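Below is one structure, written out as structure tokens; comments come after it.
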Amino acid sequence: MFQIGKKYDIEMIEEGDELGSTIVQIYPDRTITKVEGSRIQIDDNGKTVVINTESRNFVRATLRE
């Protein structure tokens, strides 16, 4: 599903605001550095971040062309 070394735009649900609205955060142009089952590791501007793609907070990842 995910390809190491490829760039993706990743969308995650963040905490909602005081009115209960859902906020979707987009992490654009992130490189996948590792894949282990449902977990992906990305380079987030020099920081390593692990995302569980089975989490209810994970919305989608779109491959950049």
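Not measured: the values here are computed from a predicted model.
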All salt bridge (charged side-chain N to carboxylate O under 4.0 Å, His left out) counterparts of Asp44, not counting sequence neighbours: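 Testing Asp44 for salt bridge (charged side-chain N to carboxylate O under 4.0 Å, His left out), a comparison that skips the adjacent residues, returns Arg30.
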Report the residues that fulfil salt bridge (charged side-chain N to carboxylate O under 4.0 Å, His left out) with Lys6, sequence neighbours left out, ordered by chain and then residue number.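 Testing Lys6 for salt bridge (charged side-chain N to carboxylate O under 4.0 Å, His left out), a comparison that skips the adjacent residues, returns none.
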Going from OH on Tyr8 to OG1 on Thr31, what distance comes out if it is rounded to the nearest 0.5 angstrom?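 It is 10.5 Å, given to the nearest 0.5 Å.
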Gln41 and side chain to side chain contact (heavy atoms under 4.5 Å, CB included): which partner among Ile51, Val35, Val49, Val50?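 Answer to the side chain to side chain contact (heavy atoms under 4.5 Å, CB included) test with Gln41 among Ile51, Val35, Val49, Val50: Val50.
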Shared hydrophobic cluster, [X] / [Y] (ILVMFWY, side-chain heavy atoms < 4.5 Å):
X     : Y     : result
Ile40 : Ile4  : yes
Ile26 : Ile23 : no
Ile42 : Leu63 : yes
Val59 : Phe2  : no

Heavy-atom distance under 4.5 Å between the side chains of Arg64 and Asp9, does that happen here?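 Answer yes - side chains close enough.
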Please, which pairs that meet side chain to side chain donor-acceptor pair (under 3.5 Å) have at least one residue in residues 50-60, sequence neighbours excluded?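 For residues 50-60: Glu11-Arg60, Ser38-Asn52.
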